[in-house]
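Worksheet for the structure shown next.
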Amino acid sequence: MRHAGRIAAEARSVAGELVKPGAVTSQIDKRVREFIISRGGIPAFLNYRGYPATLCISVNDEVIHGIPSERKLEDGDIVSIDVGVIKDGYVGDCAATFVAGRADPESLRLIEVTRTCFYEGMKFAKVGYRISDISRAIQTHAEANGYSVVREFVGHGIGAAIHEPPEVPNFVERPRRKADPRLVPGMTLAVEPMVNAGDYGVSVLDDGWTVVTADGSPSAHYENTILITDGEPEILTICEVS
Ligand code: MF3
Ligand code: CO
């Protein structure tokens with residue numbers, strides 16, 4: 001999983017470098033697919049439940065699962081890139097939001113808060129806590145900054161398959177409706193705050209994949225695959241350039 005994670009993190013960086021005004025999202029997808037294959041990996045999303053691409057590229061009010069297309073990025077677009085890689089039967093999954101060209105300060109704040117949400121979650125990604133402690137830390141930080149966390153899509157366990165139990169929500173439900181496992185060493189999780197500048201509601205476009213904010217507000221995403229240890233969590237989707 002460390003190897004899969006490293007390639008996924010490298011692919012995320014490669015994709016981020018390609019985010020510029022005028023870039024065509026399907027071209028970014030192609031370049032990153034070639035990169036993953038050159039590193040001995042397999043794109044994990046391609047053909048997963050019929051998904052047609054290597055990356056999810058979600059722009060502005062698109063939250064997740066945006067399909068690469070002939071769309072040209074414009075100056076100031078915020079671009080969430082999600083990538084999964086299979087290496088030797090194990091999966092790494094990570095995401096980040098990048099800006100094409102000149103960012104406005106509000107976009108940068110949304111992106112930075114979303115990234116910080118992940119690290120707030122990491123404070124509880126330790127033995128002695130439960131999944132919901134990670135969820136609560138993420139939600140609290142997003143809402144303290146005036147944003148909302150998406151509820152219809154959640155993080156997940158990951159290993160030999162991209163999506164394994166348990167779910168890792170970015171919010172806490174009261175009363176609790178689902179199992180809330182304790183964290184134990186060896187668990188591998190994809191922790192992925194999806195943060196909307198406006199309301200948390202989302203809808204899915206007619207393409208059956210693209211998730212957009214219901215109110216049209218911009219959204220950001222940040223994800224790493226992590227390992228629960230006896231001490232601090234280990235981030236598996238990490239590499240020299242990330
Ligand atoms: N990274 C996404 C997730 O965490 C996976 C995208 S699934 C695909 O769930 F179907 F779009 F490939
Ligand atoms: Co994921």
Do [X] and [Y] have side-chain atoms, one donor and one acceptor, less than 3.5 Å apart?
X: S26; Y: D29; answer: no
X: D180; Y: S132; answer: yes
X: T237; Y: N224; answer: yes
X: R136; Y: N170; answer: no

List the atom of G157, the atom of V168, and the distance in Å for their closest heavy-atom pair.
->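 In this case the closest contact between G157 and V168 is N-CG2, 4.4 Å.
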Would you name the heavy atoms of P181 and M187 that are closest together and state the gap between them?
->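 Here P181 and M187 meet closest at CB-CE, 4.4 Å.
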Keeping the roles fixed (side chain from [X], backbone from [Y]), state whether a donor-acceptor pair exists under 3.5 Å.
X: D215; Y: S217; result: yes
X: T114; Y: L110; result: yes
X: S135; Y: I131; result: yes
X: R12; Y: A95; result: yes

Could you note down all residue pairs passing side chain to side chain donor-acceptor pair (under 3.5 Å) where residues 58-67 supplies at least one of them, sequence neighbours left out?
->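 Matches after skipping sequence neighbours: N60-D77, E62-R71.
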What residues form a ring-ring contact (aromatic ring centres under 6.0 Å, His included) with [X], not counting sequence neighbours?
X: F124; result: Y129
X: H156; result: H163
X: Y51; result: W209
X: Y222; result: F118

R49: partners by side chain to side chain donor-acceptor pair (under 3.5 Å), with sequence neighbours left out =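 Partners of R49 under the side chain to side chain donor-acceptor pair (under 3.5 Å) test: none.
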Listed by chain and number, what are the side chain to side chain donor-acceptor pair (under 3.5 Å) partners of K20, not counting sequence neighbours?
->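 Counting only residues at least two positions away or on another chain, K20 forms no side chain to side chain donor-acceptor pair (under 3.5 Å).
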State whether E173 and R151 are salt-bridged, where the test is any N-O pair (Lys NZ or Arg NE/NH1/NH2 against Asp/Glu carboxylate O) under 4.0 Å.
->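 A salt bridge is absent here (no side-chain N lies under 4.0 Å from a carboxylate O).
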Using a strict 4.0 Å threshold on nitrogen-to-oxygen distance, state whether E120 and K123 make a salt bridge.
->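 So E120 pairs with K123 through a salt bridge.
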Run the side chain to side chain contact (heavy atoms under 4.5 Å, CB included) test against [X] and tell me which residues pass, sequence neighbours left out.
X: E152; value: V202
X: E34; value: K30
X: A23; value: I28, L73
X: A214; value: none

With the side chain counted from C-beta on, respond yes when L205 and V212 share a heavy-atom pair under 4.5 Å apart, and no when they do not.
->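 Touching, per the 4.5 Å side-chain cut-off.
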When clusters are formed from ILVMFWY side-chain contacts under 4.5 Å, directly or step by step, what else is grouped with V172?
->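 None, because no other hydrophobic side chain comes under 4.5 Å of this residue.
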Go through R109 and E112 one step at a time and tell me if the salt bridge (charged side-chain N to carboxylate O under 4.0 Å, His left out) criterion holds.
-> CA-CA 5 Å; R109 191 175 80 88; E112 188 49 34; over 6 Å; no
